[in-house]
Amino acid sequence: MSTPERKQSRSEKTVSFIKGLFRKDSSSSSSSNPPKTVVAKTVTEEPRALEPVVESASKKVKIAVVIYSTYGHIEKVQLLSESIAKGAEEAGAEVKIFKVPETLSKEVLELLHAKSWSIDLMALQVDLPEITPEILAEYDGFLFGLPTRYGAAPAQVKAFWDSTGGLWSKGALVGKYGGIFTSTATQHGGQETTPFTFITHYAHHGINFVPIGFSTPLLFDNSEVLGGSPWGAGTIANGDGSRQPHEKELAIAEHQGKHFTNIVIKATQ
């Protein structure tokens, strides 16, 4: 009976010894190497150097005024264009006046009894550069001044827009701004239909058409015959071109320049 008891005692001693080793190891480790408190560190990146902010004056919007004439009546629109340019400049735009290239030969123009405006580039037109599609794309907005042919734009103006296919394929004019002013022989000769039929060019290019509406009280004036409409400024030349632009028509044109420029500035700056 003593043998089994001694075996049991040895087993117990062995277990106690092993437990003692674990207790000793645990005790020594805790005394010699106390547990470290782990503190979470917030990692912050050094702020990246920002590009220096350069204060500069707002860039002026660029407005092109583009005119065309065969018979010289548009010299009336030349006067309108100068009033439009004046208004646009006063509103803060950089403005330049261009002309649409003539497509007819000198011989044909003479047969049409066209004035020297188209044939000899009289002094009124000498300094006006010709518009090109590439130049047009450089501007934020443009106002086309044109005569009328049966209530629509003349072929020369249409030919210019037909040459802008390259711009159309690239969407180069999308989002730009366009306006219109016109000259007609009579008060019923296309003051509204000419702009109305012209804006298809703007629509297909994605150009925002900017009419003047009735934003000037001069368009409510019925005391005399005047050009102009909600579509844009206008003048009446008479069939022989003898009538000069009325001061009220020039005032409407100047208003259009300011109105157009203010809208372009608000939209682009």
For the hydrophobic clusters of this structure (ILVMFWY residues joined by side-chain heavy atoms under 4.5 Å, transitively), does one cluster hold both [X] and [Y]?
{"X": "Val157", "Y": "Phe209", "answer": "yes"}
{"X": "Trp168", "Y": "Ile207", "answer": "no"}
{"X": "Leu219", "Y": "Ile263", "answer": "no"}

Side-chain touch [X]/[Y], heavy atoms, less than 4.5 angstrom:
{"X": "Ile180", "Y": "Tyr202", "answer": "yes"}
{"X": "Pro133", "Y": "Ser163", "answer": "yes"}
{"X": "Lys176", "Y": "His205", "answer": "no"}
{"X": "Gln244", "Y": "Leu79", "answer": "yes"}
{"X": "Val95", "Y": "Thr261", "answer": "no"}
{"X": "Phe181", "Y": "Ile67", "answer": "yes"}
{"X": "Leu218", "Y": "Leu226", "answer": "no"}
{"X": "His259", "Y": "Val210", "answer": "yes"}

Would you indicate whether [X], at its atom [atom1], is surrounded by more than 12 heavy atoms from other residues, nucleotides or ligands within a distance under 6.0 Å?
{"X": "Glu224", "atom1": "CD", "value": "yes"}
{"X": "Lys62", "atom1": "NZ", "value": "yes"}
{"X": "Phe196", "atom1": "CZ", "value": "no"}
{"X": "Asp162", "atom1": "CG", "value": "yes"}

Minimum heavy-atom distance [X]-[Y], with the two atoms named:
{"X": "Ile135", "Y": "Ile131", "result": "CG2-CD1, 3.7 Å"}
{"X": "Ser81", "Y": "Ile97", "result": "OG-CD1, 3.9 Å"}
{"X": "Thr148", "Y": "Thr194", "result": "OG1-OG1, 2.7 Å"}
{"X": "Thr197", "Y": "Gly151", "result": "OG1-O, 3.2 Å"}
{"X": "Ala91", "Y": "Asn262", "result": "CB-OD1, 3.7 Å"}
{"X": "Ser215", "Y": "Ile212", "result": "OG-O, 2.6 Å"}

Say you draw a straight line from [atom1] of [X] to [atom2] of [Y]; how long is it, rounded to the nearest 0.5 Å?
{"X": "Lys60", "Y": "Gln269", "atom1": "NZ", "atom2": "CD", "answer": "11.0 Å"}
{"X": "Leu250", "Y": "Leu80", "atom1": "CG", "atom2": "CG", "answer": "6.0 Å"}
{"X": "Leu173", "Y": "Leu167", "atom1": "CG", "atom2": "CG", "answer": "5.0 Å"}
{"X": "Glu138", "Y": "Thr132", "atom1": "CD", "atom2": "OG1", "answer": "7.5 Å"}
{"X": "Lys99", "Y": "Gln156", "atom1": "NZ", "atom2": "CD", "answer": "13.0 Å"}
{"X": "Ile252", "Y": "His246", "atom1": "CD1", "atom2": "NE2", "answer": "10.0 Å"}

What verdict does the ring-ring contact (aromatic ring centres under 6.0 Å, His included) test give for Tyr177 and Phe260, after you've listed the backbone C-alpha separation in whole Å, the side-chain angles of each residue and the deciding distance to 0.1 Å? CA-CA 9 Å; Tyr177 295 81; Phe260 182 84; 7.2 Å; no
Take Trp231 and Ile199, measure what side chain to side chain contact (heavy atoms under 4.5 Å, CB included) needs, and give me the verdict at the end. CA-CA 10 Å; Trp231 300 88; Ile199 61 173; 3.9 Å; yes
Examine the side chains of Gln191 and Ser229 and answer whether a donor and an acceptor come within less than 3.5 Å of each other. no
Which residue is it: Tyr139, Phe144, Tyr68, Phe142? I am looking for the one with a ring-ring contact (aromatic ring centres under 6.0 Å, His included) to Phe98.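 Only one of Tyr139, Phe144, Tyr68, Phe142 forms a ring-ring contact (aromatic ring centres under 6.0 Å, His included) with Phe98, namely Tyr139.
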Say whether, by atom type as modelled, one donor and one acceptor occur between the side chain of Gln256 and the main chain of Ala233 under 3.5 angstrom.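 Side chain of Gln256 to backbone of Ala233, a donor-acceptor pair under 3.5 Å: yes, one is there.
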Donor-acceptor pair, Thr182 side chain versus Leu146 backbone, under 3.5 Å?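 Checked: pair present.
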Are any of the side-chain nitrogens in Glu82 or Lys86 under 4.0 Å away from the carboxylate oxygens of its partner? no
If you measure from the Lys or Arg side-chain nitrogens to the Asp or Glu carboxylate oxygens, is any gap between Arg243 and Glu249 under 4.0 Å?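 Yes, charged N to carboxylate O under 4.0 Å.
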Please step through side chain to side chain contact (heavy atoms under 4.5 Å, CB included) for the pair His201 and Lys158, ending with a clear verdict. CA-CA 9 Å; His201 301 95; Lys158 183 69 166 63; 3.3 Å; yes
